[in-house]
Amino acid sequence: MPLVTATEMLKKAKEGHYAVGQFNINNLEWTKSILQTAQELNSPVILGVSEGAGKYMTGFKTVADMVKAMIDEMGITVPVALHLDHGTYEGCYKCIKAGFSSIMFDGSHYPIEENIAKTTELVHAAHALGLSIEAEVGSIGGEEDGVVGAGECADPDECKMIADLGVDMLAAGIGNIHGKYPENWAGLSFDTLDAIQQKTGAMPLVLHGGTGIPEDMIKKAIDLGVSKINVNTECQLSFQEATRKYIEAGKDLEGKGFDPRKLLAPGAEAIKATVKEKMELFGSVNKA
Ligand code: 13P
């Protein structure tokens, strides 16, 4: 099955009161683990690529070609979208050219007029070539691959202005943070989310910073219109923990334990377990 946009899967998720997971990829192992899990659970999936991860993998074309080839070689039949995460204006054009099926333009750090102007242009550019597009209002706190946000809550009226530009999904800051949540985190602002949902109607809302949000908050966010949830750090932590255990147990020193296919296998399995747990929590299992 060729790559699809995120539009149809998120429309179905919003109507069906569940969320589709966006899992960020870093390399072949990450991509393979996420695709395998989506296929096993019969779940739609969005592969997220930050600009830093794109650069690490030598460029967006490498990523798009690898993902398309893996879908083909692995016989993946569930819907898969390949999505730029927190894209700059230039990054969006690069991904459109490279063959992504979806982009995110993060104009949240610009004054709202500039965010509107750039988002408007990119909506036309993306839609002209059949890609879906996510926009952002009110920045996500913390840091992800050099993208730093203050973490303010979005203004519902500004959300409506951006939603009306024809974007396919909208990320709005509601107190969420990239990476681990601090001990004194105030939690998600459901009043803000509710107000945004009322202003933006059928628009699928995106919850960034999915790592470490307690289950009850995830469920409430889905009830209030969130239909895409981004997870990045949690897969990294699962991979790290499993890899550390393998090495600390001295498994890399036994026989051919140094073979990269063996060395990276526990981490890859751990990513699969995390993705499975999230897909079950988000309710996207058997929704392909
Ligand atoms: P986490 O790293 O906190 O899971 O956030 C992921 C994300 O929002 C990607 O845009």
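Counting from 1, the numbers follow the sequence of the chain as shown. Worth saying up front: this structure is predicted, and the values here are computed from it rather than measured. We count ligands from 1, going down the list as the structure has it; atoms in each ligand are counted the same way.
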Near [X], which atoms of ligand 1 are under 4.0 Å from a heavy atom of that residue?
X    : result
H178 : 3 (O), 5 (O), 6 (C), 7 (C), 8 (O), 9 (C), 10 (O)
D85  : 9 (C), 10 (O)
N232 : 1 (P), 2 (O), 4 (O), 6 (C)
T233 : 1 (P), 2 (O), 3 (O), 4 (O)
V231 : 4 (O)
H86  : 10 (O)

Any side-chain donor-acceptor pair under 3.5 Å between Q22 and N24?
yes
So, is N230 polar-close to ligand 1, with some N/O to N/O distance under 3.5 Å?
yes
Run the salt-bridge test on [X] and [Y] with the 4.0 Å N-O cut-off and return the result as yes or no.
X    : Y    : answer
K68  : D72  : no
K12  : E8   : no
E114 : K118 : yes
K219 : D223 : no

May I ask whether G48 places a heavy atom under 4.0 Å from ligand 1?
no
Restricting to heavy atoms, the pick from S50, C235, G209, A171 nearest atom 8 (O) of ligand 1 would be G209
From the list E134, E51, H178, side-chain hydrogen bond (donor to acceptor under 3.5 Å, both in side chains) partner of H86 resolves to H178
I177 meets the side-chain contact (heavy atoms from CB on, under 4.5 Å) criterion, sequence neighbours left out, with Y181, P182, W185
Is there a side-chain contact between T77 and N42 (heavy atoms, below 4.5 Å)?
no
Looking only at protein heavy atoms, what sits closest to atom 1 (P) of ligand 1 is T211 OG1, 3.4 Å
For atom 3 (O) of ligand 1, what is the nearest protein heavy atom, given as residue, atom name and distance?
G179 N, 2.8 Å
